[in-house]
Amino acid sequence: MDTIYLHGVRAQTLIGWYDWERTAQQDVELDLDIALPSNRASVSDDLTDTIDYDLVVRTLRDELAQQHFLLLEALADFIARVLLERFGTPWVRVSVTKLGILKDVARVGVTIERGHRS
């Protein structure tokens with residue numbers, strides 16, 4: 001299976017269980033491993049035969065800016081569904097990290113996998 005990855009993607013969204021977390025959008029960091037529907041792009045060298053990672057990033061940033069999530073798990077699942085449904089990936093691994101949200105903890109996050117590996 002061929003995959004593309006986008007690690008360290010920054011986006012903003014409303015995220016948090018506590019009221020004080022939901023007063024303004026927060027930065028989140030995304031690590032995405034996205035399976036390609038086929039290996040055609042490695043032969044054709046054509047963007048139309050792969051997933052356009054620039055479009056992935058723009059789509060996710062636009063979508064997340066309009067959403068509100070209580071839990072990181074729900075945010076990660078939302079991202080996975082966007083990738084599965086809009087970009088046709090058969091499998092995805094999504095890691096979402098909140099930066100500096102807890103005292104003396106640099107990163108808090110979750111990783112999920114959705115779809116089927118071939």
Side-chain angles (χ1 to χ4, degrees):
M1 173 178 23
D2 295 353
T3 62
I4 60 172
Y5 67 88
L6 298 125
H7 291 178
V9 176
R10 296 285 177 107
Q12 291 193 328
T13 194
L14 281 175
I15 178 77
W17 181 260
Y18 301 104
D19 290 338
W20 59 267
E21 290 182 288
R22 296 190 305 263
T23 59
Q25 289 191 338
Q26 296 179 46
D27 286 325
V28 292
E29 186 175 277
L30 312 175
D31 289 336
L32 309 170
D33 296 304
I34 306 166
L36 298 176
S38 75
N39 65 352
R40 282 191 310 252
S42 62
V43 174
S44 72
D45 201 23
D46 189 333
L47 182 62
T48 61
D49 288 331
T50 190
I51 294 174
D52 182 343
Y53 49 82
D54 179 56
L55 182 57
V56 168
V57 171
R58 286 186 287 121
T59 299
L60 291 177
R61 284 183 175 150
D62 289 347
E63 287 290 329
L64 296 183
Q66 301 173 41
Q67 301 293 323
H68 170 246
F69 304 94
L70 296 176
L71 300 176
L72 287 172
E73 292 86 346
L75 170 55
D77 186 72
F78 175 83
I79 292 167
R81 283 186 285 115
V82 168
L83 295 170
L84 291 164
E85 294 168 10
R86 294 194 200 168
F87 291 92
T89 180
W91 171 87
V92 65
R93 177 185 297 125
V94 176
S95 296
V96 179
T97 304
K98 288 171 74 171
L99 306 169
I101 196 69
L102 294 176
K103 184 178 182 332
D104 298 325
V105 178
R107 305 161 76 83
V108 174
V110 64
T111 299
I112 66 166
E113 291 185 26
R114 297 292 186 268
H116 302 284
R117 296 185 125 204
S118 30

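Positions are given from 1 along the sequence. Side chains are part of it too, since the values below use all heavy atoms of this structure and drop only hydrogens, waters and symmetry mates.
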Item to check | Evaluation steps, side-chain contact (heavy atoms from CB on, under 4.5 Å), between Asp33 and Glu113 | outcome: CA-CA 9 Å; Asp33 296 304; Glu113 291 185 26; over 6 Å; no
Taking all non-hydrogen atoms of both residues, which atom of [X] and which atom of [Y] are closest, and how far apart?
X	Y	value
Ala76	Val110	CB-CG1, 4.1 Å
Val28	Val96	CB-CG1, 4.3 Å
Thr111	Ser95	OG1-OG, 2.6 Å
Met1	Ala35	SD-CB, 3.0 Å

Checklist entry - Considering residues at least two apart in sequence or located in another chain, which fulfil the side-chain contact (heavy atoms from CB on, under 4.5 Å) criterion with Gln12? => result Gln25, Asp27
Checklist entry - Of all residues at least two apart in sequence or in a different chain, which pass the side-chain contact (heavy atoms from CB on, under 4.5 Å) check with Leu6? => result Val9, Leu32, Ile34, Tyr53, Val56, Val57
Checklist entry - Mind checking whether Tyr5 and His7 have parallel, tilted or perpendicular rings, split at 30° and 60°? => result tilted
Find the distance between [atom1] ([X]) and [atom2] ([Y]) and round it off to the nearest 0.5 Å.
X	Y	atom1	atom2	answer
Ile51	Ile4	CD1	CD1	5.0 Å
Ile15	Leu72	CD1	CG	5.0 Å
Thr97	Leu75	OG1	CG	10.0 Å
Asp19	Arg22	CG	CZ	4.5 Å

Sequence neighbours excluded, which residues qualify as side chain to side chain donor-acceptor pair (under 3.5 Å) partners of [X]?
X	result
Thr48	Asp46
Asp62	none
Asp45	none
Arg61	none

For [X], check salt bridge (Lys or Arg N to Asp or Glu O under 4.0 Å) against everything at least two apart and list the hits.
X	value
Glu63	Arg86
Asp49	Arg40
Arg114	Asp77

Next on the checklist: Looking at Trp17, I'd like to know if its CH2 atom is crowded, meaning that more than 12 non-hydrogen atoms belonging to other residues, nucleotides or ligands lie closer than 6.0 Å.
Outcome noted: no
Next on the checklist: Determine whether Gln26 and Thr13 satisfy the following criterion, side-chain contact (heavy atoms from CB on, under 4.5 Å), listing intermediate values before the conclusion.
Outcome noted: CA-CA 6 Å; Gln26 296 179 46; Thr13 194; over 6 Å; no
Next on the checklist: Filter on ring-ring contact (aromatic ring centres under 6.0 Å, His included), then keep only pairs touching residues 59-105, sequence neighbours left out; what's left?
Outcome noted: Phe69-Phe78
Item to check | Any pair counted as ring-ring contact (aromatic ring centres under 6.0 Å, His included), so long as it reaches residues 94-118, sequence neighbours left out | outcome: none
Are [X] and [Y] grouped together when hydrophobic residues (ILVMFWY) are joined by side-chain heavy atoms under 4.5 angstrom apart?
X	Y	answer
Leu71	Leu99	no
Val92	Leu55	yes
Leu14	Val108	no

Next on the checklist: Taking Ser42's backbone N and O only, do any of them form a donor-acceptor pair with Asn39's side chain (distance below 3.5 Å, no angle check)?
Outcome noted: no
Item to check | Side chains of Leu64 and Ile79 in contact at under 4.5 Å (non-hydrogen atoms) | outcome: yes
